[in-house]
Amino acid sequence: MSRLAQYFILVCGFIGCVIFAFLTCKLLIKYQLKKKISQPIHELGVKKHQKKSGTPLFGGVSFYIAPLIFIMIFSPSLFNSERKMGYLIGISLYFFVGLIDDLIKAIFKNEKGLSAKIRVALEILFALVSLFIMGYDEKFSWTMSLYPFNTQVFLNYLYIFLCVFLILGTSNSCNLLDGLDGLSSGTTLIALATVMVFAFLQNEVFLGTYLLFLCGGILGFLILNSHPAKIFMGDCGSLFLGASLAFSVIYLDKLTLLPFVGFLYAVESISVIIQVIYFKITHKRVFLMAPLHHHFELKKVPEYKITMSYYLIQTSIMIVLLLMRTMI
């Protein structure tokens, strides 16, 4: 196949994912409005968010299904590689954990959803299973590449625990970031696009192609998720996106890339940790509300300005990383 034909397939797949995800969201919105299924709004959250009550959820279904269908069409060799299968199984299992959580919230009107202990236990189990399918077992070298330096550190079994920690941390941090219209989806879109470029530069065509299609799916969803949102992604979307980012850097053997592409995830999680610890010690708050984006909301910063600021920061990080990649 000529290079021109390959580019044509990639462009068609990307556009196809955008359209597929957009139309899927439209169907989900129509069905949920008819059945009166909506995202429960936490009563202790920002008060003005109560007006978002009644907004349909399960938007994550759109950008989960779209790239999966298109990668199966354009990558028939998929099932010949345990590494590729393990990657897709891993992110799919996280999607289904989130989906169960969303179903409990929507059907039983329980804003807490799945028990935290059960959820974390499932996430740890699924991360381990997926990593072993990918080949991270006794045959693996257990070394971590210290990007951007050409150095490797042998971590022994600590490597697998580090991977599990990063997968759990990234997926749940993405869930924390999902608090404003278009915030988590847009920020993660930029982060995944960065990893996609690294994948193609490393000649990891499967991962690069999948992430391109995933970005298309997210874009189709983002059209309807941007302010004012007509649909929310739900936990199925946020856990899936966070897991996709973590599994992707593991697939590329670039764990040290994650703190940069996931910088805003870390900021949001750290703001919650600081708030909780400080409140327990002093009974006072550092932020008006955590995660951090809610603090800015209560400071009367318009929602769209907060979202655009996060996009700008994430884009700046992306540009710096890509410039580093070309200079080293």
Side-chain angles (χ1 to χ4, degrees), residues 38-57 59-60 98 101-102 105-106 109-116 119-120 168-191 222 225-239 241-242 245 258-317:
S38 61
Q39 169 76 57
I41 304 299
H42 201 293
E43 60 182 13
L44 297 178
V46 179
K47 296 302 180 185
K48 68 177 183 179
H49 284 192
Q50 294 300 323
K51 66 182 181 181
K52 298 183 180 183
S53 179
T55 304
L57 70 162
D101 199 39
D102 287 334
K105 291 176 181 177
K109 304 300 179 183
N110 179 358
E111 64 183 28
K112 293 182 180 180
L114 193 63
S115 163
R119 178 165 153 169
V120 171
L168 262 69
T170 308
S171 58
N172 287 285
S173 294
C174 185
N175 187 249
L176 287 176
L177 189 60
D178 186 28
L180 299 179
D181 296 348
L183 181 62
S184 184
S185 52
T187 302
T188 307
L189 171 61
I190 299 167
L222 186 57
N225 181 239
S226 56
H227 188 71
K230 297 177 178 63
I231 187 170
F232 296 144
M233 69 169 72
D235 285 1
C236 64
S238 58
L239 287 181
L241 289 183
L245 186 59
L258 190 56
F260 299 99
V261 294
F263 173 74
L264 291 173
Y265 287 4
V267 169
E268 293 284 298
S269 295
I270 291 171
S271 71
V272 173
I273 294 170
I274 291 173
Q275 185 86 322
V276 171
I277 293 175
Y278 190 77
F279 185 80
K280 285 186 176 181
I281 295 173
T282 67
H283 298 289
K284 296 180 180 179
R285 292 178 172 83
V286 177
F287 309 105
L288 295 177
M289 186 179 287
L292 188 60
H293 58 266
H294 290 319
H295 171 78
F296 294 131
E297 270 194 291
L298 295 179
K299 283 285 189 179
K300 307 300 182 182
V301 180
E303 187 170 334
Y304 77 92
K305 284 190 177 181
I306 300 171
T307 302
M308 288 301 131
S309 298
Y310 274 59
Y311 288 1
L312 180 60
I313 294 170
Q314 190 69 49
T315 303
S316 301
I317 294 170

* To do: Please step through side-chain contact (heavy atoms from CB on, under 4.5 Å) for the pair I274 and F287, ending with a clear verdict.
  => CA-CA 9 Å; I274 291 173; F287 309 105; 4.3 Å; yes

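- Residues meeting the ring-ring contact (aromatic ring centres under 6.0 Å, His included) test with F296, sequence neighbours left out: none.
- Between the CG atom of L264 and the SG atom of C174 there is a distance of 11.0 Å, given to the nearest 0.5 Å.
- Pairs engaging residues 264-284 under the ring pair (Phe, Tyr, Trp, His ring centres under 6.0 Å) rule: F279-H283 [sequence neighbours left out].
- Residues S269 and S173 have side chains that bring a donor and an acceptor to within less than 3.5 angstrom of each other.
- Across all their heavy atoms, E303 and D181 have their closest contact at OE2-N, 2.9 Å.
- Within the 4.5 Å cutoff, the side chain of T307 has no heavy atoms near those of the H227 side chain.
- Inter-residue side-chain proximity for K230 and P56 is flagged as unmet; no heavy-atom pair is nearer than 4.5 Å.
- From I317, atom CD1 reaches atom CZ of F260 across 9.0 Å, with rounding to the nearest 0.5 Å.
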* Show the numbers, then the answer: is there a side-chain contact (heavy atoms from CB on, under 4.5 Å) between H295 and M289? => CA-CA 5 Å; H295 171 78; M289 186 179 287; 5.6 Å; no

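- Atom CG of L57 is separated from atom CG of D102 by 5.0 Å, given to the nearest 0.5 angstrom.
- Residues H293 and L183 have side chains in contact (heavy-atom distance under 4.5 Å, counting atoms from C-beta outward).
- Taking S271 as the reference, nothing meets the side chain to side chain donor-acceptor pair (under 3.5 Å) condition, with sequence neighbours excluded.
- Nearest heavy-atom pair across Q275 and V286 is OE1-N, 3.1 Å.
- Using a distance-only test at 3.5 Å, with no hydrogens or angles considered, a donor-acceptor pair links the side chain of S171 to the main chain of L168.
- Side-chain atoms of N175 and D235 form a donor-acceptor pair, as typed in the model, at a separation below 3.5 Å.
- With sequence neighbours excluded, the residues satisfying salt bridge (charged side-chain N to carboxylate O under 4.0 Å, His left out) with D101 are K105, R119.
- Put simply, CD1 on I231 and CG on L222 are 12.5 Å apart, with the number rounded to the nearest 0.5 Å.
- With rounding to the nearest 0.5 Å, the separation of NZ in K305 from OH in Y310 is 16.0 Å.
- The side-chain heavy atoms of L245 and V261, taken from C-beta on, include a pair separated by under 4.5 Å.
- More than 12 non-hydrogen atoms from other residues, nucleotides or ligands lie less than 6.0 angstrom from OH of Y311.
- Within the 4.5 Å cutoff, the side chain of F232 has no heavy atoms near those of the D178 side chain.
- Annotation: side chain of L177 is not in contact with side chain of S238 (no heavy-atom distance under 4.5 Å).
- Applying the side chain to side chain contact (heavy atoms under 4.5 Å, CB included) test to S309 and every residue at least two apart in sequence or in another chain returns nothing.
- V272 is linked by a side chain to side chain contact (heavy atoms under 4.5 Å, CB included) to L176, V276, A290, P291, counting only residues two or more places apart in sequence or in another chain.
- Side-chain contact between H294 and L288 is absent, with no heavy-atom pair separated by less than 4.5 Å.
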